[in-house]
There are 2 protein chains.
Amino acid sequence: MANRMTTHISRGPYKPGRIREQSRDLILQAAEAEFACHGFRGATMQRIAESAQVPKANIHYYFSNKLGLYGAVLENTLNLWDTVFNELSSHDDPADVLGRYIDAKMNFSRTNPSASRLFAKEMISGAPHLSAYLQQDYRLWFKQRMSIFDCWIAQKKMDDLDPAHVIFMIWASTQYYADFEPQILIATDTQSQSEASYQQAANSIKHIILKGCGIG
Amino acid sequence: MANRMTTHISRGPYKPGRIREQSRDLILQAAEAEFACHGFRGATMQRIAESAQVPKANIHYYFSNKLGLYGAVLENTLNLWDTVFNELSSHDDPADVLGRYIDAKMNFSRTNPSASRLFAKEMISGAPHLSAYLQQDYRLWFKQRMSIFDCWIAQKKMDDLDPAHVIFMIWASTQYYADFEPQILIATDTQSQSEASYQQAANSIKHIILKGCGIG
DNA sequence: TCAATACTTGTCTATATAGTCAACTTTTCA
DNA sequence: TGAAAAGTTGACTATATAGACAAGTATTGA
């Protein structure tokens, strides 16, 4: 009421939902966790609503339907994914490039476990909602990165290995710490993975990958 | 009708469902694929029934309910899992032991992709139905296998690495070829993973792991 | 202050789903 | 051969779920 009087100060041109679209973010966050845990079919709009602490009907204001919500969540995830993937850039020193990339991937697993799990669930289900992404951006980028490895191999900077398998191994190893967390916690007898434990894991992976590829 | 006449030959003491329990196996097989693809909540009894080509009510004759069916599927999977895990046995030569183990794991991924995916989905969901297994058998066995590595390290047969990370890396890398198949197919521009391609992947993994751990 | 627009939400509906049940058919074994 | 047991199945029920909708409230810019 009191501050109503002060709102005559112009806030610039009108943008829909400038303030209350925080609801949208809450819903997206809750949806990411729900989809990551239960998959597309197993997730329910009701649980997402409860988790986001909004009425279920509110979700349908921001998202056309369950598939639309899932698509929005997936898009967010893929953007993050691409960002990290692009860290694998051309550079003279393979040890430097791969070391940084492994660190970046591990950091992603630690700070975005739900995104990693969502991606994994989608893949395991046959990637029914990712075909466009995989066919377009992914395919192209993958080939580009592979050529970097071919270059290193030609320059005798690393062993003659199929670059694809090296990449798969890095992806697999780093994502494992997010996706298979329950197994890791029990095997290592801990309650949660600390930042330090992630760093140790990253160091082990870097040691094995770099030495194993003959990079030094 | 005709062979009815010959059935007076004793077939030994009566065992429930000796013949028709093939339905049970059909259901289990269909359920494994359905649960692997959609997770526990996302799977439906109706689709399992259709896939197994039996009426839905028949499933409830063999399995108390959805959870019971899931438990049976999971138990099958874990038995297979243990069999492969136990191949990682004590032996003088780490190169030999790890090489065989990696081959065994890759072979498992190739021949039992659904089992691998089911296990992965369960883990990603927080392993709600695996706590007993993880707490008991798993924990114990994991520690035993770790001590083998410690022994090798003490004997300077491999680099001083945390054995847990080496194991995680082997698991991650080998399971990846089953769990992330869509990604692999698109990246490698193929329609399906052949036995030969699995062998090449196994060779790459063995190269990197063995050399990376200083085994050789 | 006001009308327009953005946003919220309780209630309702159609459908999908897990599970039940009783009638039915087939197999078993004495 | 026959009675008992194993196995099968169509029809049913209760519930959970995605989504629609209309009536409401809050915010905006003039």
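Aromatic ring centres of B:Phe168 and B:Phe142 lie closer together than 6.0 Å.
A:Ala49 comes within 4.0 angstrom of no nucleic acid atom, judged by non-hydrogen atoms across all strands.
At the phosphate of C:dT8, OP1 or OP2 sits under 4.0 Å from a side-chain N or O atom of A:Tyr62.
Atom CZ in A:Phe40 sits roughly 12 Å away from atom C1' in D:dT17 (whole-Å rounding). Rounded to an integer number of Å, the gap from B:Asn58 CG to C:dT26 C1' is 13 Å. At whole-Å resolution of the value, CD1 in A:Ile48 and C1' in D:dG19 are 14 Å apart. In this entry the distance linking CD1 of A:Ile59 with P of D:dA20 reads 13 Å, nearest Å. What separates CD of A:Gln46 from P of C:dT11 is a distance of 14 Å, to the nearest Å. One interatomic measurement links the two molecules: CZ of B:Arg41 to C1' of D:dT15, which rounds to 15 Å at whole-angstrom precision. Computed from coordinates, the A:Glu50 CD to D:dA16 P distance equals 12 Å when rounded to whole Å. Regarding B:Phe63, its CZ atom lies at a distance of 15 Å from the P atom of C:dT20, rounded to whole Å.
If you check C:dT9, D:dT17, D:dT8 against the side chain of B:Ser23, the one that comes closest is D:dT8. Listed candidates were D:dA20, C:dA18, D:dG10. Nearest to the side chain of B:Met45 is C:dA18. Listed candidates were C:dT17, D:dT17, D:dT8. Nearest to the side chain of A:Arg47 is D:dT17. Of the listed nucleotides (D:dT9, C:dG19, D:dG19), D:dG19 has the atom at the smallest distance from the side chain of A:Lys56. Of the candidates C:dG19, C:dA6, C:dC21, C:dG19 carries the atom nearest the B:Asn65 side chain, counting heavy atoms from C-beta on. Of the candidates C:dT9, D:dT17, D:dA18, C:dT9 carries the atom nearest the A:Pro55 side chain, counting heavy atoms from C-beta on. Looking at the side chain of B:Ala57, the nearest of the listed nucleotides D:dG10, C:dT9, C:dT8 is D:dG10. Comparing C:dT17, D:dT17, C:dA6 by their closest approach to the side chain of A:Tyr61 singles out C:dA6.
Between the side chain of A:His207 and the backbone N or O of B:Gly212 there is at least one donor-acceptor pair closer than 3.5 Å.
Judged by distance alone with a 3.5 Å cut-off, no donor-acceptor contact links the side chain of A:Lys66 to the base of D:dG19.
One finds a salt bridge joining B:Glu195 and B:Arg110 here, because a Lys/Arg side-chain nitrogen approaches an Asp/Glu carboxylate oxygen to under 4.0 Å. Ion pairing between B:Lys56 and B:Glu50 fails under the 4.0 Å rule for side-chain N and carboxylate O.
Residues meeting the side chain to side chain contact (heavy atoms under 4.5 Å, CB included) test with B:Arg139, sequence neighbours left out: A:Ile186, A:Asp189, B:Gln135.
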